[in-house]
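To start, the structure under review is shown below, and the notes come after it.
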Amino acid sequence: MDKNSMIFWNVDTQNDFVEPWGKLYVHGAELIKPVWAEITKLARLHHIQVVNTADYHYIYSAEIDPEPDMVNTFPPHCLAGTPGAEFIRETRPDDPVVFHWNVRYDYEALNTELSNSSNIVILKDAFDAFSGNSATSSIVELLKPQIVVVYGVTTNVCVDYAVRGLVERIPNVYVVKNAIKELPAIPFPFSAWDSMGVKLITMNELVDSFN
């Protein structure tokens, strides 16, 4: 892989999903922390720009429901300003530039901000970072990556949406298969990813690609 044309894409590694005390804990997600820590270290070591997406909801957000179906709606989680909305320590971005979903950004201002930061945070109010924040498409267009490496939670919801959106915009999409975790009762996306040309790799294979 050419690291000069690569970005990492960290999907929603937030306390409410990863920590057992989280509001929408994904069972077993905390076991992936060492892998996520290694990916974060790899990005720092090789100066890879990281796009970090994060749910950032309000109680009235469309996917929040006190009686959720656990497919399209979920109980309150990652509410704005709460500890659950923060990134876990292993993936916490260093001095990021943050783009809020409820703010409109000028294209030129976006370009200036992106060029000065190794970490980008996209706050979103939907499963899909591209529909959940109007700046996301412009951010990808301005970064112009040829390769994106995706990891995070959850495999069959927000990671899937991220992969599908990225495939439409970036030639080479990789997913680190031992750095993702799924929710129960929702179909896996692997067959669809394969048909779209998405490549599944292990953490070891990612590390080896830099040697």
Side-chain angles (χ1 to χ4, degrees), residues 1-22 24-56 78 83-99 113-124 129 136 139-140 142-155 157-163 165-166 170-182 193 198-211:
M1 298 186 193
D2 179 6
K3 67 180 182 181
N4 294 317
S5 62
M6 175 192 297
I7 62 171
F8 286 180
W9 196 279
N10 168 31
V11 181
D12 301 6
T13 53
Q14 297 165 265
N15 287 325
D16 267 350
F17 298 126
V18 177
E19 299 294 354
W21 54 261
L24 192 55
Y25 167 58
V26 179
H27 185 75
E30 77 279 13
L31 302 177
I32 307 176
K33 284 182 178 181
V35 182
W36 288 330
E38 192 174 359
I39 294 174
T40 302
K41 181 180 177 181
L42 193 68
R44 290 171 180 155
L45 179 64
H46 293 280
H47 307 289
I48 304 296
Q49 206 161 23
V50 183
V51 175
N52 307 269
T53 69
D55 275 11
Y56 203 72
C78 298
E86 296 175 3
F87 287 99
I88 60 171
R89 178 178 55 82
E90 288 78 4
T91 61
R92 192 169 299 144
D94 298 324
D95 193 25
V97 56
V98 180
F99 298 100
E113 296 242 39
L114 292 173
S115 63
N116 294 324
S117 180
S118 59
N119 270 283
I120 298 150
V121 171
I122 297 174
L123 302 179
K124 59 190 178 73
T136 306
I139 288 169
V140 173
L142 287 164
L143 292 178
K144 299 181 177 67
Q146 294 300 300
I147 301 168
V148 61
V149 177
V150 182
Y151 52 96
V153 288
T154 62
T155 306
V157 185
C158 292
V159 173
D160 185 31
Y161 275 100
V163 167
L166 291 166
I170 298 175
N172 300 288
V173 177
Y174 293 81
V175 177
V176 184
K177 62 184 178 182
N178 55 332
I180 54 176
K181 189 64 179 175
E182 74 283 351
W193 290 357
V198 175
K199 303 171 184 68
L200 294 177
I201 59 172
T202 66
M203 183 64 211
N204 286 341
E205 289 171 328
L206 178 61
V207 172
D208 288 345
S209 72
F210 285 88
N211 296 330

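Atom set for the values below is all heavy atoms of this structure, side chains included, hydrogens, waters and symmetry mates excluded.
Between the side chain of T91 and the backbone N or O of W36, no donor-acceptor pair lies under 3.5 Å. Using a distance-only test at 3.5 Å, with no hydrogens or angles considered, a donor-acceptor pair links the side chain of Q14 to the main chain of A85. Remark: the backbone N or O of Q146 is paired with a side-chain donor or acceptor of N172 at under 3.5 angstrom. Between the side chain of T136 and the backbone N or O of A129, at least one donor-acceptor pair lies under 3.5 Å.
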With a cut-off of 3.5 Å and sequence neighbours excluded, list every side-chain donor-acceptor pair involving residues 24-35.
{"residue": "Y25", "atom": "OH", "partner": "G28", "partner atom": "N", "Å": "3.1"}
{"residue": "Y25", "atom": "OH", "partner": "E30", "partner atom": "OE1", "Å": "2.7"}
{"residue": "Y25", "atom": "OH", "partner": "E30", "partner atom": "OE2", "Å": "3.1"}
{"residue": "K33", "atom": "NZ", "partner": "E19", "partner atom": "OE1", "Å": "3.2"}
{"residue": "K33", "atom": "NZ", "partner": "E19", "partner atom": "OE2", "Å": "2.7"}

Show which side-chain atoms of residues 203-211 pair as donor or acceptor with protein atoms under 3.5 Å away, not counting sequence neighbours.
{"residue": "E205", "atom": "OE1", "partner": "T202", "partner atom": "N", "Å": "2.8"}
{"residue": "E205", "atom": "OE1", "partner": "T202", "partner atom": "OG1", "Å": "3.4"}
{"residue": "S209", "atom": "OG", "partner": "L206", "partner atom": "O", "Å": "2.5"}

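Side-chain contact between L114 and I139: present, with at least one pair of heavy atoms (C-beta onward) separated by less than 4.5 Å. N10 places a side-chain heavy atom less than 4.5 Å from the side chain of F87. By the 4.5 Å heavy-atom criterion applied to side chains, N15 and W21 are counted as neighbours. Between C78 and F17 the shortest side-chain heavy-atom distance falls below 4.5 Å. Within the 4.5 Å cutoff, no side-chain heavy atoms of N119 are placed close to those of V97. Counting heavy atoms from C-beta on, the side chains of V163 and W9 never come closer than 4.5 Å. Under the 4.5 Å side-chain criterion, counting only non-hydrogen atoms from C-beta, L143 is in contact with I120. Using a 4.5 Å heavy-atom threshold, the side chains of V11 and V153 count as separate.
Residue D95 qualifies as open at atom CG: its count of foreign heavy atoms under 6.0 Å is 12 or below. The 12-atom threshold is exceeded at NZ of K199, counting heavy atoms of other residues, nucleotides or ligands nearer than 6.0 Å.
Residues passing the salt bridge (Lys or Arg N to Asp or Glu O under 4.0 Å) test with R44 are D94, sequence neighbours excluded.
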